[in-house]
Amino acid sequence: MNSTMRVLVIGSGGREHALCWKIAQSPLVDKIFCAPGNGGIAQVAECLDIKADDVAGLLDFAKREKIDLTVVGPEAALSLGIVDEFSKYKLRIFGPSKAAALLEASKVFSKKLMAKYNIPTASFKVFDNPGEAKEYIKNIGAPCVVKADGLAAGKGVVVAKTIDEAEKAVSLMMEDKVFKDAGSKIIIEECLEGEEASILVITDSRDVAVLASAQDHKRIFDNDAGPNTGGMGVYSPASIVTPGLLNDVLDKIIYPAIRGLHKEGIDYRGVLYAGVMITKSGPKALEFNVRFGDPETQAILPRLKSDLVEVMLAVSEGKLVKVKNLDWDNRACVCVVLASKGYPGDYEKDKEIYGLDEAVQIKDIAVFHAGTKLRKINDIGQKAELEYLTSAGRVLGVVGLGDTIKDAIDNVYQAVEKISFEGMHYRRDIGKRALIAARRGL
Ligand code: AMP
Ligand code: GLY
């Protein structure tokens with residue numbers, strides 16, 4: 001294939017900006033569309049007024065515009081079966097089928113698969129009755145973890161420190177139905193202790209290309225305080241993921257999941273993301289996601305030297321074996337998320353963002369937009385000037401590379417200093433754990 005490919009990326013966050021940015025570097029690609037995209041993505045792709053879960057609208061567009069490759073960012077369209085729909089029309093699309101996407105869309109399905117194929121994970125029990133669930137909680141005691149079965153926009157997991165907290169979570173999910181049908185079944189599981197890491201691979205079901213490891217920072221405040229968020233920052237590689245540990249995760253978690261699915265009649269194609277807890281007795285799977293992580297992708301892709309489009313095409317042809325040994329930049333990469341005031345609760349919007357141009361002038365810095373929109377500020381002259389406004393809870397992912405984790409941290413925070421908007425909040429300790437480990441010579 002020559003450089004004539006038309007690529008459609010689905011989604012509107014920092015992950016999708018990083019994907020569009022990386023895809024734009026491929027010599028195979030001529031034009032990128034993003035549905036719906038955001039203000040920053042508009043720098044590299046033509047943004048479309050089609051929602052990320054509007055499967056019919058996306059299919060229509062891909063047919064009409066003869067899209068050569070569609071890349072799905074968020075899980076919603078995958079669990080609605082967008083890959084199956086596109087495949088009916090022989091449209092090439094990167095992501096797992098509806099059946100495979102159940103790995104993320106149903107935690108019950110995922111945990112049962114783990115149990116069946118001996119994948120180490122927290123011990124668990126499934127409930128469809130709140131009374132029985134509460135009874136069980138009384139028996140096992142706290143801490144324990146309560147999880148809604150279905151998709152709940154990242155909010156369906158409660159790590160309960162007390163029996164009361166766990167029972168309240170059961171009531172919210174099963175009686176008040178805050179996640180609608182997603183909470184009609186729940187899981188109660190053992191609370192694991194350890195450090196978390198994200199291991200992502202790309203697979204065509206036969207072969208696996210391992211992506212660089214990453215560690216997300218899920219809590220809103222420094223030192224992992226405050227409520228959970230979609231992710232406030234990430235660094236790659238994750239220092240805790242030594243080569244030995246990575247092999248362990250692959251052998252005990254990733255490969256058995258792909259083989260297990262195959263035995264169940266499901267060929268997994270796309271990104272498989274394992275959230276793992278590194279416990280004293282080894283790595284255990286917390287969850288599987290069926291897509292690129294966000295913000296992980298923002299710190300992983302700047303380190304990837306290989307052509308991502310070539311890899312995705314190989315997956316769609318079942319020929320990943322040809323390109324599975326990916327080429328990586330050895331430097332460290334740190335991503336700091338800049339969020340709106342109030343996030344992860346109700347947050348402010350429409351605040352003007354300053355300093356973006358200055359930030360990106362710094363060497364080895366990229367700024368991925370997670371929630372921005374463009375506004376024309378002067379339509380009178382020949383050329384309208386544009387300004388960026390905040391439009392979501394997570395606004396920007398500032399990404400910096402450095403020879404060491406310390407250099408990457410210094411670089412990224414230097415860029416963060418240049419950027420401002422009213423109410424801007426960010427964590428000042430992204431990568432700190434890796435820094436401490438590096439100082440200890442780990
Ligand atoms: P999940 O969506 O299953 O990854 O859960 C979201 C977050 O909840 C994880 O990243 C962990 O921080 C936490 N979590 C989930 N399951 C457990 C568990 N069994 N023990 C301790 N923490 C957990
Ligand atoms: N970083 C967490 C996620 O993508 O689900």
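For clarity, every value in this text was computed on a predicted model and none was experimentally measured. In listed order, ligands and their atoms are each counted from 1.
Side-chain contact between Asp204 and Lys324 is absent, with no heavy-atom pair separated by less than 4.5 Å. Contact annotation: the side chain of Phe94 approaches that of Val271 to within less than 4.5 Å [non-hydrogen atoms, C-beta and beyond]. Side-chain contact check for Asn289 versus Glu75: every heavy-atom pair is 4.5 Å or farther apart.
For ligand 1, the atoms lying closer than 4.0 Å to a non-hydrogen atom of Val157 are 1 (P), 2 (O), 3 (O), 5 (O), 8 (O), 15 (C). When each atom of ligand 1 is checked for a heavy atom of Lys218 under 4.0 Å away, the hits are 10 (O). Residue Glu189 approaches ligand 1 through these ligand atoms, each under 4.0 Å from one of its heavy atoms: 16 (N), 17 (C), 18 (C), 19 (N). Which parts of ligand 1 touch Met277 is read off a 4.0 Å heavy-atom cut-off, strictly below it: atoms 21 (C), 22 (N). Within the listing of ligand 1, atoms 1 (P), 2 (O), 3 (O) sit less than 4.0 angstrom from a heavy atom of Lys107. Set against the non-hydrogen atoms of Ala122, the atoms of ligand 1 under 4.0 Å away are 19 (N). Of all atoms in ligand 1, numbered sequentially from 1 with element shown, those under 4.0 Å from a heavy atom of Val145 are 16 (N), 17 (C), 18 (C), 19 (N), 20 (N).
Listed by first then second residue, pairs satisfying salt bridge (Lys or Arg N to Asp or Glu O under 4.0 Å) with a partner in residues 235-259 read Asp248-Lys252, not counting sequence neighbours.
Classification of the Phe61-Phe33 ring pair by plane angle, with boundaries at 30° and 60°, yields perpendicular. Classified by interplanar angle (parallel below 30°, tilted 30° to 60°, perpendicular above 60°), the ring pair Phe368/His17 is perpendicular.
The two atoms that bring Cys20 and Ile32 nearest to each other are O-CD1, 3.5 Å, heavy atoms only. Taking all atoms of both residues into account, the shortest heavy-atom contact from Ala212 to Ser236 is CB-OG, 3.6 Å.
Around CG of Asp181, the count of heavy atoms belonging to other residues, nucleotides or ligands within 6.0 Å does not exceed 12. Counting heavy-atom neighbours within 6.0 Å of Glu348 CD, excluding the residue itself, gives a total above 12.
Among all non-hydrogen protein atoms, the one lying nearest atom 20 (N) of ligand 1 is Leu192 N, 2.8 Å. Looking at atom 10 (O) of ligand 1, its nearest protein heavy atom turns out to be Glu196 OE1, 2.7 Å.
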Mind listing the N or O contacts between ligand 2 and protein, cut-off under 3.5 Å?
residue	atom	partner	partner atom	Å
ligand 2	1 (N)	Asp216	OD2	2.8
ligand 2	1 (N)	Asp294	O	3.0
ligand 2	1 (N)	Glu296	OE1	2.7
ligand 2	1 (N)	Glu296	OE2	3.2
ligand 2	4 (O)	Arg291	NH1	3.0
ligand 2	4 (O)	Asp294	N	2.9
ligand 2	4 (O)	Asp294	O	3.4
ligand 2	5 (O)	Arg291	NH2	2.8

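Of the listed residues (Glu287, Lys147, Glu193), the one carrying the non-hydrogen atom nearest atom 15 (C) of ligand 1 is Lys147.
At a heavy-atom distance under 4.0 Å, atoms from both the backbone and the side chain of Leu286 approach ligand 1.
Arg303 places a side-chain N or O within donor-acceptor distance of the main-chain N or O of Arg331, the cut-off being under 3.5 Å.
Contact annotation: Cys191 has at least one heavy atom less than 4.0 Å from an atom of ligand 1.
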